[in-house]
Protein chains: 2
Amino acid sequence: MKEYSIGQMSRHTGVKATTIRYYENRGLIPSPARTRGGQRRYDEAALERLAFLRHARELGFGLDDIADLMALAEAPSEDCEPAHEIARKQLAAVDRRLTILAQLREELVRMADADDPGHAGKCRVIEVLGDHRLCIGAHDLPDDASQML
Amino acid sequence: MKEYSIGQMSRHTGVKATTIRYYENRGLIPSPARTRGGQRRYDEAALERLAFLRHARELGFGLDDIADLMALAEAPSEDCEPAHEIARKQLAAVDRRLTILAQLREELVRMADADDPGHAGKCRVIEVLGDHRLCIGAHDLPDDASQML
DNA sequence: CTTGAACCTACAGTCGCTGTAGATCGTATC
DNA sequence: GATACGATCTACAGCGACTGTAGGTTCAAG
């Protein structure tokens, strides 16, 4: 039965050691066995859980959602609807972010491409940022837009 | 000469009162005049600065970049190259985020849309999250990817 | 003059980590 | 066995950009 130090876990999954300890604190992964000296020793199952966790994080799931998903994975009922629900929620969030970013890109392109280098008159970047009416579209954001950027 | 309370500023720009005070603390907007009772009273210029600030935030600029932009806007030299530089930097960042989100969306769609509701065996969502090999492409993220999501 | 919404300060909490300090542990080499 | 040195340990502070709370004060309308 293979054993892994926290550093080996880190190398296998790409999750930093400090982050692994943070996940343990948060209760997302169980406390592993320890050596006599107090260092963590993980088994294969722990490695898989961490890989799952990392993958879900890459996909933008929040830690609370991931906790739910892991609970579902550990005790699989025949109803996987809750898991799909979480995934759909995440997809919707990603779609919102994509929409905003696309609009944002449009405007940045207009700003960055304004080719009047060193010109004495107006600078487009500052002009565009200063006057909202010059925007292509109303890119009004929902109240919590900052989280999406 | 019109005067605005912090609440009116908030309504005009969509920036919450607490956030306006936070910006003031951070030195992004100057301390406004006060009534005898100590409440903030803003003028037209302050409103414009706040609109500029909000707009830049919507576009994904960090507060430090915005501070730079505002300095440029207040004392505009004929050389607006620095402002263009900031805009280009932001554009590149936005493009990175768009790329990542698009990949991410692909995978979420595959997960969430898998229509085997109530299937006895494995749940597709959990299955995909657990096994990285089921991914379309290697969607490995740069080290600081979390900031981009 | 009274009511009640708006405003004030100060500070803790959010999310998902990251970085630090200072101590201890484990293993390879002599 | 001794030594060296990297890996690991705990505990806690800090990041960005806010948000929320408590407990008090002020303003404007009726």
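For clarity, every value in this text was computed on a predicted model and none was experimentally measured. Hydrogens, waters and symmetry mates are skipped; everything else that's a heavy atom, side chains included, is used. Per chain, numbering begins at 1; letters A, B, ... match sequence-line order.
- Positionally, the nearest nucleotide of DNA chain D for B:Asp64 lies more toward the 5' end than for the other of B:Asp64 and B:Thr35.
- Residue B:Arg54 comes nearest to B:Val15 through the heavy atom pair CG-CG2, 3.5 Å, listed as atom of the first residue, atom of the second, then distance.
- As judged by a 4.0 angstrom heavy-atom cut-off over every strand, A:Phe61 is placed among residues making no nucleic acid contact.
- Positionally, the nearest nucleotide of DNA chain D for B:Leu63 lies more toward the 5' end than for the other of B:Arg41 and B:Leu63.
- Contact check, A:Arg40 against D:dC9: a side-chain N or O comes under 4.0 Å of OP1 or OP2.
- Distance, B:Glu24 CD to C:dC8 C1': 12 Å, rounded to whole Å.
- The two residues A:Leu53 and A:Tyr23 make their nearest non-hydrogen contact at CD2-CD1, 3.5 Å.
- Here C:dT18 is the nucleotide among C:dC8, D:dT19, C:dT18 with the atom lying nearest to any side-chain atom of A:Tyr22.
- Note on A:Arg57: every side-chain N or O is 4.0 Å or more away from OP1 and OP2 of C:dC15.
- The CZ atom of B:Arg54 sits 16 Å away from the P atom of D:dA17 (whole-angstrom rounding).
- Rounded to a whole Å, the CZ atom of A:Arg26 is 10 Å from the C1' atom of C:dT14.
- Closest approach to the B:Thr19 side chain among D:dT19, C:dC7, D:dT8 is made by D:dT19 (side chain taken as heavy atoms from C-beta onward).
- Taking both residues in full, the closest heavy atoms of A:Ile20 and A:Ser10 are given as CD1-N, 3.9 Å, listed atom of the first, atom of the second, then distance.
- For B:Asn25 and C:dC11, the CG to P distance is 11 Å, given to the nearest whole Å.
- Just one of B:His12, B:Glu44, B:Arg40, B:Arg41 meets the side-chain hydrogen bond (donor to acceptor under 3.5 Å, both in side chains) condition when paired with B:Tyr4; it is B:Glu44.
- In this model, the phosphate group of D:dC18 is not approached by any side-chain N or O of B:Thr18 to a distance below 4.0 Å at OP1 or OP2.
- Regarding A:Tyr42, its OH atom lies at a distance of 12 Å from the C1' atom of D:dC9, rounded to whole Å.
- The side chain of A:Tyr23 places no N or O atom within less than 4.0 Å of a non-bridging phosphate oxygen (OP1 or OP2) of C:dG16.
- Atom CD1 in B:Ile29 sits roughly 14 Å away from atom C1' in D:dA17 (whole-Å rounding).
- Contact record, B:Ala67 with B:Leu28: CB-CD2, 3.8 Å, taken as the closest heavy-atom pair.
- Here D:dT8 is the nucleotide among C:dC15, C:dC8, D:dT8 with the atom lying nearest to any side-chain atom of A:Ile6.
- Using a 4.0 Å heavy-atom criterion, one finds that B:Arg21 contacts the bases of the nucleic acid, with or without backbone contacts as well.
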